[in-house]
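Computed from a predicted structure; not experimentally measured.
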Amino acid sequence: MDDSDGSTAEAWVLAVSRTVRLAPGEVLPPYRTSLWLLVREGAVEVAGRTGPHRLEPGDAAYIHRARVHPVRALSVTSLAVADLRRLGKNPPAAPLIARDFAARQNGAVALLDLCPMRPETAVDRPRMTTAYGEILGSAMLSEAGGATPSTAADPIVHRAAGAMESDPLHGWTLSEIAGHVHVGTTVLVERFRRATGLSPMQYLRRLRLEQAMDELGRTDAPLARVAGTAGYGSVEAFVRAFRAHTGCTPGRWRQSIRGLTGSTMNTRAASTAATAPSRSAAG
C-alpha cells in the first residue's frame with residue numbers, strides 16, 4: 001500500500017507496545033489519544049455513560065478517546081498496552097470490547113509477545129506499524145462484531161473532543177468549543193472535567209503536545225518551530241510542558257524515539273505526570 005493510502009482510507013497503525021502493571025485503584029495513563037489493552041492478570045474498569053465495562057483476564061479493549069474513557073485497575077493488574085490508532089473518517093466513538101480475546105486471537109497476541117513494537121522499530125521500519133496495526137485492529141473488529149456500544153461516556157464531551165482532535169492547531173477558544181456543541185462554557189468545563197479530569201483547554205494542550213511528539217520523532221524540525229506549532233510562545237515554556245507530560249525533555253524524546261540512545265522514555269515519570277488528572281476523574 002502506498003504511504004498516501006493511509007490518509008484517505010481506513011487503516012490501523014500500531015506505534016509502540018509495552019507491559020504495564022497497575023496497583024488497585026490506579027488509572028492507566030493515556031500516553032496517546034487512543035490505545036489498545038489486553039488484561040493479563042487482575043481486572044480493570046473502562047468508563048462509560050451507562051456504567052463501567054469490566055474486563056477480566058483475556059479480555060481486550062480499543063479506546064479511541066482514551067482520556068474520555070479512563071481505565072482503572074480493580075486489583076493488582078498486568079496489562080499489555082499498545083499505541084494503536086485507527087485512521088480515517090469514522091474511528092470508533094466508544095470503546096471496542098472483545099471478550100476472551102487472548103484465546104480467540106492467540107496469534108495476534110503471540111506476535112506482540114514475541115516481537116513487541118519498540119520506538120526505534122516504528123521509526124526505522126514504518127511499514128511494520130501498519131502491518132502490526134492491521135493485524136491487531138482487524139482482530140478487534142472481528143471479535144467486537146465491527147460495532148461500538150451505542151452510548152458514549154458523555155456525548156457533549158465526545159463532540160467537543162472530536163472537534164479539537166480534528167484540528168488541534170486551530171486557535172480554539174473556550175467559547176468557540178462550547179458554541180460548537182451548543183452549551184455554555186461553564187457546563188462544558190464541568191462535564192469535561194467530570195469525564196476526563198481535564199478542562200477543555202488542558203485537553204487541547206495535550207493534543208498539541210502529542211502532535212509535537214510525533215513531529216519530533218518524524219522530522220528534524222528545530223525545537224523553536226515545534227514549540228510554535230504546538231502553540232507555545234517560547235521554547236522554555238514548551239520544554240517545561242513537554243517534561244511534565246512525558247517525563248523527559250523534547251531532545252531526549254527525539255533521541256529515544258529514533259533509537260539513538262540505549263533507553264526509551266522514562267515511562268514511570270510520564271505515568272506520574274499523566275495519571276494525576278485521570279485519578280481525579282476516577283475518584
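- Remark: Arg54 does not engage Glu45 in a salt bridge, criterion side-chain N to carboxylate O under 4.0 Å.
- Smallest separation of non-hydrogen atoms from Leu84 and Gly133: CD1-CA, 3.9 Å.
- With values rounded to the nearest 0.5 angstrom, Ser199 atom OG is found 7.5 Å from Met201 atom CE.
- Leu37 CG to Phe101 CZ: the interatomic distance, rounded to the nearest 0.5 Å, is 11.0 Å.
- Of the inter-residue distances, the one linking Gln105 atom CD with Leu38 atom CG reads 11.5 Å to the nearest 0.5 angstrom.
- Among residues at least two apart or in separate chains, salt bridge (charged side-chain N to carboxylate O under 4.0 Å, His left out) pairs with a member in residues 165-185 are Arg65-Glu165.
- The environment of Arg159 atom CZ is dense: over 12 non-hydrogen atoms of other residues, nucleotides or ligands sit within 6.0 angstrom.
- Classification of the Tyr203-Phe192 ring pair by plane angle, with boundaries at 30° and 60°, yields perpendicular.
- Within the structure, salt bridge (charged side-chain N to carboxylate O under 4.0 Å, His left out) contacts touching residues 224-235 (residues at least two apart or in different chains) are Glu215-Arg225.
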side-chain contact (heavy atoms from CB on, under 4.5 Å) assessment of Leu14 paired with Glu134: CA-CA 8 Å; Leu14 191 155; Glu134 290 294 343; over 6 Å; no
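- By the side-chain contact (heavy atoms from CB on, under 4.5 Å) test, Ser75 is found to be paired with Thr77, residues two or more places apart in sequence or in another chain being considered.
- Atom CD1 of Ile156 is separated from atom CZ of Arg191 by 5.0 Å, given to the nearest 0.5 angstrom.
- Separating the CH2 atom in Trp12 from the CZ atom in Arg86 is a distance of 5.0 Å, to the nearest 0.5 Å.
- Atom CE of Met117 and atom CZ of Arg18 lie 12.5 Å apart (nearest 0.5 Å).
- Put simply, the side chain of Arg206 does not reach to within 4.5 Å of the side chain of Gln202, judged on heavy atoms.
- The two residues Leu169 and Thr229 come nearest to each other via the heavy atoms CD2-O, 2.9 Å.
- Checked against the 6.0 Å centroid threshold, His158 and His64 do not count as a close aromatic pair.
- Between Trp172 and His170, the two ring planes are perpendicular [angle over 60°; tilted spans 30° to 60°].
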